Amino acid sequence: MAKQIQAIRGMNDCLPEQSGLWQWVEDNIRQVVASYGYQEIRTPIVESTDLFKRSIGEVTDIVEKEMYTFEDRNGDSLTLRPENTASTVRAGNEHGLLYNQQQRLWYMGPMFRHERPQKGRYRQFHQFGIETFGLDGPDIDAEVILLSARLWKVFGISDQVTLELNSLGSSEARASYKALLVTFLRERVSQLDEDSVRRLETNPLRVLDSKNPQVQEAIKGAPSLIEHLDEESKQHFDALCERLDNLGIKYRVNPKLVRGLDYYNRTVFEWVTDSLGAQGTVCAGGRYDGLVEQLGGKTTPGVGFAMGLERLVLMLQTLSLTSDVPQPVDLYVTSMGERVVDYGLEISEQLRDEIPGLRVQTHCGGGNFKKQMKRADKSGAAIAFILGENEEAEQKVSIKFLREDRQQESIRRDDTVAFLTEYFSKN
Ligand code: ATP
Ligand code: MG
């Protein structure tokens with residue numbers, strides 16, 4: 001037998017048993033973004049390597065060690081997108097969507113990072129995200145956070161996630177803070193790990209973001225960025241906090257939250273949960289007012305977030321919050337005997353014409369009553385139509401209720417649309 005080829009490590013298949021849940025999650029997300037008037041943007045999965053180097057930053061986990069970068073046949077350096085903010089800005093600049101305009105955009109799709117695969121961390125994973133442009137006040141920061149909070153409400157996990165909030169200030173304020181931080185870190189250099197020592201020189205803020213417990217301990221007393229904000233950033237942050245207070249959105253100010261990508265300024269936030277173990281961040285975002293210019297456009301403020309869909313799905317499964325995921329089939333149409341196969345196919349087609357959205361599975365492959373009913377049950381359908389020669393002769397259908405204790409019924413074929421419409425409006 002030929003050797004089977006396996007999927008790439010850290011890249012998962014989404015099998016039929018799971019895809020219903022994924023579709024349900026995606027559908028809910030689409031409804032929520034639509035309810036805020038956001039529009040979808042779709043960008044290619046592959047971009048020039050330079051795009052990510054220039055935006056995410058050379059001294060970040062992503063660019064240093066996680067990107068899938070390769071040369072194509074022309075010798076150009078290409079990269080599978082590790083995130084989608086850079087691509088959105090690239091597309092926005094390229095098509096003139098950003099300067100002097102307001103945009104509220106969303107995207108959903110696969111991202112690629114060469115990380116060590118583990119629960120909640122994969123090499124191909126999926127993000128849903130929003131990006132807004134042309135709005136620099138704290139009101140849009142609040143809206144972006146409200147939109148994420150609405151999703152937790154829709155999925156019933158509001159009490160499972162906590163909002164962490166910080167401000168990175170302006171790049172000038174950050175520069176003078178950096179000097180303070182570097183002095184502090186130099187005094188403790190022996191307690192830092194190799195990565196942090198290197199970052200001390202190249203990107204000291206990122207030391208605050210270290211996941212190494214030993215480093216975290218060493219930097220406990222570090223000067224706090226939020227106490228060194230420039231006046232305007234401070235006002236922006238205070239106004240955002242006040243809005244969130246007024247709107248009843250709870251948050252915790254975390255002065256060590258700096259985010260792993262270089263393009264952020266002012267507001268940064270993460271939604272974290274205890275229900276996933278180590279991979280506790282389900283959504284992360286912030287403001288990136290300098291990014292559009294950094295990528296060759298004219299100065300345009302931006303703010304957005306990205307949500308890890310695998311982590312969201314894992315949460316829903318861990319907390320058993322999947323009962324609203326619809327079954328793939330509503331109605332299963334059997335046909336007892338070769339001669340009624342056409343009757344079954346015909347009724348099914350008619351129902352698909354007349355009841356949009358009804359999911360009808362028509363039995364194929366013959367077999368006796370028992371076999372067909374077994375299939376009907378396995379399909380997840382609530383109702384089976386039982387069609388035999390008598391039913392066809394009388395232009396009737398027999399209805400068996402698969403999920404409730406209810407007597408079988410027989411109705412006229414002409415009444416099926418009315419019957420099903422009423423039944424599924426209630427069930
Ligand atoms: P982490 O600290 O967990 O590595 P990150 O800061 O690298 O996250 P972002 O770049 O901010 O993550 O991406 C936003 C969200 O995408 C994360 O909060 C997480 O939910 C999800 N995410 C990031 N990397 C992965 C991955 N390798 N596998 C699955 N989900 C991921
Ligand atoms: Mg990461």
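Only a predicted model underlies this, so the values are computations on that prediction, with no experimental measurement involved. All values below were derived from every heavy atom in this structure, side-chain atoms included, with hydrogens, water molecules and symmetry-related copies excluded. Whatever order the structure lists them in is the order used to number ligands and atoms, beginning at 1.
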Q) How far is atom 21 (C) of ligand 1 from its nearest protein heavy atom, and which residue and atom is that? A) Gly308 CA, 3.6 Å

Q. Once the angle between the rings of His228 and Tyr177 is folded into 0 to 90°, is it parallel (under 30°), tilted (30 to 60°) or perpendicular (over 60°)?
A. tilted

Q: For atom 29 (C) of ligand 1, grab the closest protein heavy atom and report residue, atom and distance to one decimal in Å.
A: Gly120 O, 3.3 Å

Q. Is there a protein heavy atom at a distance of less than 4.0 Å from atom 8 (O) of ligand 1?
A. no

Q.
For the backbone of Trp24 and the side chain of Asn28, can you confirm whether one donor and one acceptor N or O come within less than 3.5 Å of each other?
A. yes

Q) What residue and atom, counting heavy atoms only, is the protein's closest point to atom 27 (N) of ligand 1, and at what distance? A) Glu115 OE2, 2.6 Å

Q.
So for ligand 1, is Arg311 a polar contact partner (N or O within less than 3.5 Å, distance only)?
A. yes

Q.
Among residues at least two apart in sequence or on other chains, which ones pass side-chain hydrogen bond (donor to acceptor under 3.5 Å, both in side chains) with Tyr99?
A. none

(Q) Just by distance, no angles: are the side chains of Arg266 and Tyr288 close enough, under 3.5 Å, to form a donor-acceptor pair? (A) no

(Q) Against ligand 1, does Arg121 come closer than 4.0 Å with any heavy atom? (A) yes

(Q) How far is atom 30 (N) of ligand 1 from the closest protein heavy atom, and which atom is that? (A) Phe125 CD1, 3.4 Å

Q.
If the cut-off is 4.0 Å to any non-hydrogen atom of Ala284, which atoms of ligand 1 fall inside it?
A. 11 (O)

**Q.** Side-chain heavy-atom pair Val89, Phe133 within 4.5 angstrom cut-off
**A.** yes

Q) In ligand 1, which numbered atoms sit nearer than 4.0 Å to a non-hydrogen atom of Gln127? A) 13 (O), 14 (C), 15 (C), 16 (O)

Q. Which atoms of ligand 1 are found less than 4.0 Å from any heavy atom of Lys211?
A. 1 (P), 2 (O), 4 (O)

Q. Taking the six-membered ring for Trp, are Phe305 and Phe269 parallel (under 30°), tilted (30 to 60°) or perpendicular (over 60°)?
A. perpendicular

(Q) Taking only non-hydrogen atoms of Gln279, do any sit less than 4.0 angstrom from ligand 1? (A) no

Q. Atoms of ligand 1 less than 4.0 Å from Ala306 heavy atoms?
A. 14 (C), 15 (C)

Q. Do you see a donor-acceptor pair shorter than 3.5 Å between the side chains of Gln361 and Ser379?
A. no

Q | With sequence neighbours excluded, residues passing side-chain hydrogen bond (donor to acceptor under 3.5 Å, both in side chains) with Glu64 | A | Arg198, Arg199

Q) Got the closest protein heavy atom to atom 28 (N) of ligand 1, with its distance? A) Tyr122 N, 3.0 Å

Q | Sub-4.0 Å atoms of ligand 1 with respect to non-hydrogen atoms of Arg259 | A | 6 (O), 9 (P), 11 (O)

Q) Within 45° of the ring axis of Phe184 and under 6.0 Å from its six-membered ring centre, is that where the NZ or CZ of Arg188 lies? A) yes

**Q.** Residue portion contacting ligand 1 (non-hydrogen atoms closer than 4.0 Å) for Val282
**A.** backbone

Q. Do the rings of Tyr423 and Phe419 sit parallel, tilted or perpendicular, given the 30° and 60° boundaries?
A. parallel

Q | Reported CZ-to-CG distance for the pair Arg174 and Asp230, which is rounded to 0.5 angstrom | A | 9.5 Å

**Q.** Heavy-atom gap Arg113 to ligand 1 smaller than 4.0 Å
**A.** yes

Q: Identify, for atom 20 (O) of ligand 1, the protein heavy atom at the shortest distance, and state residue, atom and that distance.
A: Thr281 O, 2.9 Å

